[in-house]
Amino acid sequence: MKFFVDTADVEAIKELTALGMVDGVTTNPSLIMKSGRDILEVTKEICEIVAGPVSAETVALDAEGMIAEGRKLAKIAPNITVKVPLTWDGLKACKVLSDEGHMVNVTLCFSANQALLAAKAGATFISPFVGRLDDINVDGMELIADIRTIYDNYDFKTQILAASIRTVNHVSQAAMIGADVMTAPPEVIRKLAAHPLTDKGLEAFLKDWEKTGQKIL
Ligand code: E4P
């Protein structure tokens with residue numbers, strides 16, 4: 001499974017990239033706001049750090065506006081993925097932009113039928129929002145599983161990008177189901193390394209090591 005980091009925080013992207021944890025980046029208008037930076041500037045900087053796909057989201061509501069914004073965003077760097085919302089206009093924009101050869105990430109997907117439409121419109125990625133479904137007591141992972149089944153049934157090439165990942169369990173569950181990509185905030189990616197038995201085991205080993213009186217260096 002590919003790991004995308006869901007942030008516009010350049011320092012966090014640098015840190016995780018150095019560890020080999022970043023196959024791509026996703027941003028959205030809220031994350032750009034949080035960064036306090038200009039969208040064109042910060043996205044360009046991210047594209048210079050990360051070789052994989054970097055999603056930059058359009059904000060127009062009509063297809064024409066999304067296409068114009070998408071073309072402008074795509075000029076930032078060759079690894080830009082234009083992100084459009086899963087609306088009828090978003091699907092129109094997806095078709096035009098993907099026919100032009102741009103990578104397109106269709107975002108805000110909350111149903112299997114929406115994912116089916118995105119695949120038919122030529123989306124490179126579909127972003128089902130797991131956490132936001134969980135927020136309203138709907139199992140977000142069931143949606144990932146349904147989309148996996150549908151895409152496999154018909155050999156759709158659109159990649160499933162599990163989004164709105166909020167917990168470490170979301171990551172392993174999405175991987176078990178076979179999501180192609182997951183995007184999570186840096187803190188969730190860091191938490192994947194944590195286990196209380198690792199900490200406990202390390203503490204015990206170090207206590208015993210002290211008793212040997214030895215040094216490695
Ligand atoms: C995905 O592309 C979105 O940027 C993101 O995953 C949304 O996550 P949230 O629901 O935690 O805001």
Side-chain angles (χ1 to χ4, degrees), residues 1-10 12-13 16 21-37 39 42-43 45-47 49-50 52-60 66 69-70 73-74 76 79-87 90-91 93-94 97-98 102-111 114-115 117-119 121 123-144 147 158-175 177 179-192:
M1 181 167 61
K2 281 175 259 180
F3 272 26
F4 287 3
V5 60
D6 199 24
T7 188
D9 176 342
V10 170
I13 293 169
L16 292 168
M21 299 295 168
V22 180
D23 300 303
V25 172
T26 50
T27 64
N28 63 38
S30 306
L31 293 171
I32 296 294
M33 183 204 68
K34 206 171 152 191
S35 76
R37 309 248 336 246
I39 183 172
V42 73
T43 309
E45 203 177 327
I46 294 169
C47 289
I49 302 165
V50 177
V54 174
S55 288
E57 190 159 343
T58 59
V59 288
M66 287 181 212
E69 289 175 354
L73 291 169
I76 296 173
N79 53 332
I80 283 288
T81 301
V82 180
K83 207 172 175 192
V84 297
L86 212 155
T87 57
L91 292 168
C94 172
L97 291 166
S98 58
H102 300 298
M103 289 189 283
V104 181
N105 175 359
V106 180
T107 189
L108 290 166
C109 171
F110 294 96
S111 79
Q114 287 182 317
L117 292 175
T124 317
F125 300 102
I126 181 69
S127 288
F129 275 36
V130 173
R132 293 193 195 188
L133 281 171
D134 286 0
D135 287 344
I136 58 159
N137 270 337
V138 176
D139 186 352
M141 279 303 151
E142 264 182 36
L143 175 59
I144 303 288
I147 301 172
T158 300
Q159 296 181 50
I160 302 174
L161 198 176
S164 188
I165 293 287
R166 308 255 181 84
T167 68
V168 292
N169 288 343
H170 281 158
V171 178
S172 49
Q173 286 164 4
I177 292 167
D180 301 285
V181 191
M182 73 90 199
T183 189
E187 54 276 19
V188 172
I189 296 178
R190 287 190 201 106
K191 271 188 202 155
L192 294 173

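Both backbone and side-chain heavy atoms feed into the values below; hydrogens, waters and symmetry mates do not. Every number for a ligand or one of its atoms is a count from 1 in the order of the listing. Because the structure is predicted, anything quoted here is derived from the model rather than measured.
When every heavy atom of Ala118 is checked against every heavy atom of Cys94, the shortest pair comes out as O-SG, 4.5 Å. Taking each heavy atom of Leu108 and Pro85 in turn, the nearest pair found is CD1-CB, 4.3 Å. Nearest heavy atom pair, residue Met1 against residue Asp23, reads O-OD2, 4.4 Å.
Listed by atom number, the atoms of ligand 1 under 4.0 Å from Phe129 heavy atoms are 1 (C), 3 (C), 7 (C). Applying the 4.0 Å criterion to heavy atoms of Arg166 picks out, from ligand 1, the atoms 9 (P), 10 (O), 11 (O). Short contacts between ligand 1 and Asn28, defined as distances under 4.0 Å to a heavy atom of the residue, involve ligand atoms 3 (C), 4 (O).
Distances between N or O atoms of Asp6 and those of ligand 1 include at least one value under 3.5 Å.
Of the candidates Thr7, Ile46, Thr183, Thr27 forms a side chain to side chain contact (heavy atoms under 4.5 Å, CB included) with just one, namely Ile46.
If you check which protein heavy atom lies closest to atom 12 (O) of ligand 1, you get Arg132 NH2, 2.8 Å. In terms of protein heavy-atom proximity, atom 8 (O) of ligand 1 is nearest to Ser164 CA, 3.4 Å.
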(request) Kindly determine whether Ser127 and Asn105 satisfy side chain to side chain donor-acceptor pair (under 3.5 Å), including the steps that lead there. (result) CA-CA 7 Å; Ser127 288; Asn105 175 359; 2.8 Å; yes
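Residue contacts with ligand 1: Lys83 is included, with a non-hydrogen atom under 4.0 Å away.
Although no hydrogens or angles enter the test, the distance criterion places no donor-acceptor pair under 3.5 Å between the side chain of Thr81 and the main chain of Pro53.
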